[in-house]
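Here is the structure we will look at, set down as structure tokens.
In this text the structure is predicted, and so the values were computed from the model without any measurement. Proteins get letters first, then strands, A, B, ... in listed order; numbering begins at 1 in each.
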Amino acid sequence: MTDLSEQDMDHRTERTPSAHPAPGQQPPASFEDGPEARRSTAAWHLRDLLSVAGAAVAAVALTFLLFGWIAPFDAPVGFVVVAYLLFLGVYAVLVSFDENAVAVRDRVVAVLWQSLATLLLVVLVFVIGYTLWRGHRALVHTNFFTHDLSTTGPLQPLTQGGVVHAILGTLEQITIALAVTVPLGLACAVFLNEVPGGYARLVRTVVEAMTALPSIVAGLFIYATVILVLGWDKSGLAAGLALSLMMLPIIIRASDVVIRLVPGSLREASYALGASHWRTVLTVVLPTARSGLTTAVILGTARGIGETSPVLLTAGYTASVNKSPLSGPQTSLPLATFFMVASPQKNMIARGFGAAALLMALVLLLFAVARIIGGRGPGELSRGQQRRRAQASRRDLARMTGRAPGRQPDPAPGTLRARAERSTTGPRGRRRPPRPQQAGGDPHGRRRWPGGSARP
Amino acid sequence: MTASVLGPDSPGRTSAEPADVPRVLHGAGAASDRVFRGLARGSGGVVLGLMLLVGVFLGSRAWKALSVARWSFLTTAKWEPDSHHFGIAAVLTGTVLIGMVAILIALPLALGTALYISEYAPRRIKRALVSLVDLMAAVPSVVYGLWGVFFLQGHVVGLSRWISQYFGWIPLFEVDGVDPHDPLATSTVYTSSTFIAGIVVALMVTPIACSVMRETFTRAPGGEREGAFALGATKWGMIRTVVLPYGVGGIIGGTMLGLGRALGETIAVYMIISPVFAVQPHLLQNGSNSVSALIALRYGSASSFGTSALMAAGLALFTMTLVVNFIASSIVARSRSGAGAEA
């Protein structure tokens with residue numbers, strides 16, 4: 001904290017030309033010398049940009065001098081590294097002409113973080129771009145999407161053969177995995193939040209432990225049980241099971257977090273209106289968390305769809321279309337990529353990249369859908385939803401004021417009571433007895449739920 | 001009846017009533033609620049049973065192999081289970097080394113990116129950057145593997161050669177059987193190494209570590225940030241005295257979470273390394289191994305006992321990732337204390 005006291009107190013004002021002779025006793029904002037100029041609070045000023053540009057030019061020039069004239073180096077990586085270090089040094093010197101040491105450190109560190117972030121993002125985008133670019137040679141031929149490889153040899157041109165068998169396999173396997181994980185995962189996440197207690201804590205701990213399960217071990221487990229012990233074939237079903245074992249903890253954990261974020265006040269309001277536990281879950285908790293849950297499931301799907309190692313152990317590999325997930329080997333896109341790029345033939349490698357690019361496109365699509373649907377916390381509405389919500393509330397207001405003009409001064413008890421009574425009448429028209437202990441007596445709503453322990 | 005729905009604070013309540021006492025709650029609610037809770041418990045039980053089944057099955061099968069190998073399981077480098085001569089010394093060393101290289105590269109990248117996104121990035125592009133990093137975490141490992149094999153391998157050899165030439169006196173960077181001063185020496189000795197696998201795995205785990213760190217950074221209390229600025233701190237002064245101390249749990253936890261992923265990574269490693277069954281501490285030299293690559297390599301040709309031995313190796317890997325993940329999540333959870341969602 002010693003540094004804080006010696007920070008320069010707003011160093012920018014010091015170099016601002018001031019009309020007042022004594023800056024220390026400056027009166028606060030007077031209008032004597034014309035209207036006050038608006039002060040720029042932008043993080044970057046022209047001076048900063050100039051010093052960055054100057055440092056960059058100087059660093060590159062110095063590195064050229066060093067590499068071209070003084071020592072005969074010819075390593076591009078070395079050139080970039082030396083140029084970058086020189087850039088940092090020159091930039092620090094340039095800034096130190098105007099600022100004190102604290103501000104110099106601030107600037108240099110800011111540049112450092114920004115360049116680290118830029119490096120990472122550039123490399124990551126490059127990884128994706130490289131795959132898409134190498135894959136486009138195979139992707140431009142339509143037969144790539146409509147044929148399989150059963151009659152295509154490694155030497156045959158890209159105008160023959162395709163990966164439709166892998167596309168089909170991927171779709172079937174992920175469908176099996178989703179059919180297992182979505183109901184089970186969501187039910188388990190609801191359980192963790194709605195029936196709290198020691199048992200739920202145990203389940204949560206075990207689920208958390210299982211997120212550490214390496215995917216290859218999940219594959220090995222299914223291989224050892226389903227294929228070796230039960231004696232099934234290597235098949236799409238086994239691969240789907242291996243994927244579900246891997247995806248289940250991921251989906252449970254993500255949905256658990258989302259459901260936990262549903263505000264307690266919403267549940268309590270629902271209980272206060274006399275709704276039962278399951279109706280609260282069904283009509284309040286799950287709809288509130290819907291966008292988050294969708295995102296959780298989609299991101300889990302994206303993880304599962306690209307997973308190779310469990311599929312490698314359980315699905316087998318085939319070059320022809322196998323529509324049935326129950327019998328015979330079935331391949332998937334990542335697995336096909338894995339096997340095709342192992343070939344020494346150029347065209348086969350291009351097909352492998354094509355399959356990888358297709359997989360990447362699929363993940364991108366899933367991700368975009370997840371972003372459009374979700375990415376928002378529970379209760380946080382999109383602009384359209386906000387507009388609809390506002391319209392609905394205006395309609396309600398108009399309806400209420402139009403219907404009961406006489407009750408205008410004190411509308412609250414009557415309408416509230418009416419609504420509470422209406423909602424205690426279940427959807428089947430049966431009038432359920434109100435449960436006073438949930439409605440008012442328990443300030444902690446769901447946490448102190450009776451839970452069946454008091455009476456068998 | 002309506003009064004009882006509204007509870008004790010309803011206007012019907014008179015002042016003559018006794019003081020509030022904790023109310024005894026009875027009953028499990030309606031039958032439908034009991035069914036609902038039973039179903040929820042059942043689904044929890046199914047998940048629990050499934051997970052325990054995995055653990056117990058792995059453990060019991062692995063026990064068969066472990067009871068034969070005993071302690072030599074940890075010290076043997078060879079993998080010949082059918083002659084009862086096998087161990088994870090080589091693969092475990094390789095796994096840990098790959099994980100270490102990955103984390104050493106991933107930590108500064110993730111930290112820098114997380115700080116940039118949470119502190120420096122303009123608000124307009126912040127959300128896009130967050131999405132981009134999250135997307136990177138979802139990129140299939142086979143794509144990273146492809147990039148490593150077909151692009152990185154050819155371009156990183158020069159760097160490997162340079163490091164071994166000037167830092168070869170450090171045992172980790174030593175490369176056997178090559179004269180670093182011979183300009184015509186073959187470069188194949190630098191391919192398929194732990195170092196290259198480590199770089200690729202680093203790229204895979206950086207997004208995960210980055211998003212954990214970013215989340216704790218953005219949660220640093222605004223009042224303290226503004227307090228630091230009000231005391232005249234520069235941005236870096238504010239980050240150093242407010243954001244980093246607050247986010248240190250996120251940094252450690254995110255790094256360890258990344259390490260857990262790095263240890264268990266299979267396909268990218270399997271595509272890059274050329275497997276060797278000897279303890280290979282030389283990072284830059286051709287040949288490495290990892291537990292997951294061992295399983296992917298040997299599962300198909302394994303006998304029943306061989307599968308048990310692979311299960312034992314898998315169990316060792318799982319134990320390792322489990323410990324790392326638990327430490328990570330407990331650190332992250334502790335750093336989030338007081339940031340409860342229920343307002």
Tell me, for [X] versus chain A, whether the close heavy atoms (under 4.5 Å) come from the side chain, the backbone, both or neither.
X	value
B/S131	both
B/M311	both
B/I117	neither
B/P122	neither
B/V324	neither
B/I239	neither
B/M51	both

Which portion of [X] sits near chain B, non-hydrogen atoms under 4.5 angstrom:
X	value
A/I128	side chain
A/L213	both
A/I349	side chain

Any donor-acceptor pair under 3.5 Å from B/D33 side chain to A/S276 backbone: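 Pair absent, no side-chain N/O of B/D33 close to backbone of A/S276.
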Main-chain N/O of A/L312 paired to B/Y299 side chain as donor or acceptor, under 3.5 Å: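 Yes: the side chain of B/Y299 pairs with the backbone of A/L312.
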Parallel, tilted or perpendicular: ring planes of B/W236 versus A/W113, cut at 30 and 60 degrees: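 B/W236 and A/W113: tilted rings.
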What residue in [options] has the most heavy-atom pairs under 4.5 Å with chain A?
options	answer
B/F150, B/Y144, B/F229	B/F150
B/L111, B/L203, B/T307	B/L203
B/L159, B/L50, B/N325, B/V54	B/V54
B/W147, B/Y116, B/W162, B/Y270	B/W147
B/L129, B/L135, B/L115	B/L135

Please report the closest heavy-atom contact between [X] and [Y], naming both atoms and the distance.
X	Y	result
A/V195	B/A40	CG2-CB, 4.0 Å
B/A296	A/L313	CA-CD1, 4.5 Å
B/G112	A/A117	O-CB, 4.3 Å
A/F191	B/S43	CB-OG, 4.1 Å
A/A209	B/F318	O-CE1, 3.8 Å

Near-ring test B/F151/A/F126, centroid separation under 6.0 angstrom: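 Yes: the rings meet the under 6.0 Å criterion.
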Among A/A356, A/P334, A/G352, A/S309, residue most engaged with chain B (heavy-atom pairs, under 4.5 Å):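 If we count pairs closer than 4.5 Å to chain B, A/S309 comes out on top.
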Intermediate values then yes/no, side chain to side chain contact (heavy atoms under 4.5 Å, CB included), B/V149 and A/V341: CA-CA 10 Å; B/V149 172; A/V341 296; over 6 Å; no
Heavy-atom side-chain proximity of A/P214 to B/T266 below 4.5 angstrom: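 A/P214 does not reach B/T266 side chain to side chain.
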